[in-house]
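Side chains included, hydrogens not; waters and symmetry mates left out as well; all remaining heavy atoms used.
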Amino acid sequence: MRPAERIRYLALAVQREGNRQLIADLRPLGLTPSQSEALRIIGDHAPMTVTDVGRMLVCEAGTNPSRIIDRLVESGLVDRMTDDADRRRVTLRLTAAGANAEGRVRAIENRMYDQLDAAFADADVEALLGQLERLVAGRPSGIALAERIAAG
């Protein structure tokens with residue numbers, strides 16, 4: 001197997017295993033990984049529009065995030081608010097229940113990140129990050145991730 005092929009399949013395997021773990025950990029909250037990502041984005045950057053969320057989503061990069069937001073609103077985790085400065089503009093904010101769920105999602109993610117930190121303890125992480133960022137640069141998922149990194 002060529003090194004490039006191994007990299008491709010290893011990246012896919014890591015992503016799938018991480019997603020399986022995340023799905024299992026989020027199940028008690030009734031959230032999907034896409035919903036949890038949107039919840040975290042809103043928690044970190046609200047008030048923001050659906051378009052703003054869409055620019056930062058990696059899980060659904062390049063697609064309309066409306067259905068994810070609709071589900072979070074239906075679940076009582078996110079409120080749609082009319083912007084006082086422009087009544088045509090609708091912004092999103094977490095509800096109290098949403099803030100609680102976002103905190104629980106953050107704790108789940110931190111446990112997962114602790115496992116990754118431990119797995120990469122001996123690696124040159126900055127070099128690896130640079131290589132991975134170059135692979136997705138200019139592509140929808142890479143653009144979405146760059147937007148989130150730039151937003152802080």
Notebook entry, point to check: Side-chain contact, heavy-atom cut-off 4.5 Å: Glu102 with Asp44?
Noted result: yes
Notebook entry, point to check: Is Asp70 close to Arg80 at the side-chain level, that is, under 4.5 Å between some pair of heavy atoms?
Noted result: yes
Check: Does the Thr82 side chain pair with the main chain of Val90, one donor and one acceptor, at a distance under 3.5 Å?
Finding: no
Next item on the list: Decide yes or no for Leu31 and Leu72: does some side-chain heavy atom of the first lie under 4.5 Å from some side-chain heavy atom of the second?
Entry: yes
Notebook entry, point to check: Just how far is it from atom CD of Gln35 to atom CZ of Arg71, taken to the nearest 0.5 Å?
Noted result: 6.0 Å
Check: Is there a path of hydrophobic side-chain contacts, each under 4.5 Å between heavy atoms of I, L, V, M, F, W or Y residues, that connects Tyr113 with Leu22?
Finding: yes
Notebook entry, point to check: Taking only residues two or more places apart in sequence, or in another chain, which ones meet Glu133 in a salt bridge (Lys or Arg N to Asp or Glu O under 4.0 Å)?
Noted result: none
Next item on the list: Look at the side-chain heavy atoms of Ile, Leu, Val, Met, Phe, Trp and Tyr, link any pair under 4.5 Å apart, and say whether Met1 and Leu10 land in one connected group.
Entry: no
Check: Would you say the side chain of Ile41 lies within less than 4.5 Å of the side chain of Met48, judging by non-hydrogen atoms?
Finding: yes
Check: Are the charged groups of Arg111 and Asp114 less than 4.0 angstrom apart, N to O?
Finding: no
Margin query: Measuring only between side-chain heavy atoms, which start at C-beta, is Asp52 closer than 4.5 Å to Leu92?
Written below: no
Checklist line | Rounded distance (nearest 0.5 Å) linking atom CZ of Arg89 with atom OG1 of Thr49 | finding: 5.5 Å
Checklist line | Taking every non-hydrogen atom, the tightest pair across Ala46 and Arg93 | finding: CB-CA, 4.2 Å
Item checked: Worked check of side chain to side chain donor-acceptor pair (under 3.5 Å) between Ser36 and Arg40 -> CA-CA 6 Å; Ser36 72; Arg40 285 292 317 281; over 6 Å; no
Notebook entry, point to check: Salt bridge or not for Arg20 and Glu17, using N-O below 4.0 Å?
Noted result: yes
Notebook entry, point to check: Is it true that a side-chain atom of Asn19 and a backbone atom of Gln15 form a donor plus acceptor pair closer than 3.5 Å?
Noted result: no
Checklist line | Shared hydrophobic cluster for Leu39 and Ile23 (ILVMFWY, side-chain gaps under 4.5 Å) | finding: no
Checklist line | Common cluster, Leu145/Ile143, ILVMFWY with side-chain heavy-atom separation under 4.5 Å | finding: no
Note to self: Quick check: do Ile68 and Leu57 have side-chain heavy atoms less than 4.5 Å from each other?
What the structure shows: yes
Margin query: For the residue pair Arg55 / Thr51, report whether a side-chain donor-acceptor contact shorter than 3.5 Å exists.
Written below: no
Notebook entry, point to check: What is the distance from atom CD of Glu109 to atom CG of Leu116, rounded to the nearest 0.5 Å?
Noted result: 11.5 Å
Checklist line | From Arg106 atom CZ to Ile108 atom CD1, the distance as rounded to the nearest 0.5 Å | finding: 12.5 Å
Check: Shared ILVMFWY cluster between Leu94 and Leu29, side chains joined below 4.5 angstrom?
Finding: yes
Check: In terms of side-chain geometry, is the basic nitrogen of Asp25 or Arg104 positioned less than 4.0 Å from the acidic oxygen of its partner?
Finding: no
Notebook entry, point to check: Around atom CZ of Arg8, are there more than 12 heavy atoms of other residues, nucleotides or ligands at under 6.0 Å?
Noted result: no
Next item on the list: Tell me, please, which residues at least two apart from Glu37 pass salt bridge (Lys or Arg N to Asp or Glu O under 4.0 Å).
Entry: Arg148
Item checked: Non-hydrogen atoms of Phe120 and Val125 that approach each other most closely -> O-CG2, 3.7 Å
Next item on the list: Using salt bridge (Lys or Arg N to Asp or Glu O under 4.0 Å) as the criterion, list what pairs up with Arg139, not counting sequence neighbours.
Entry: none
Next item on the list: Considering non-hydrogen atoms only, spot the tightest contact between Thr95 and Gly76 and give its length.
Entry: OG1-O, 2.5 Å
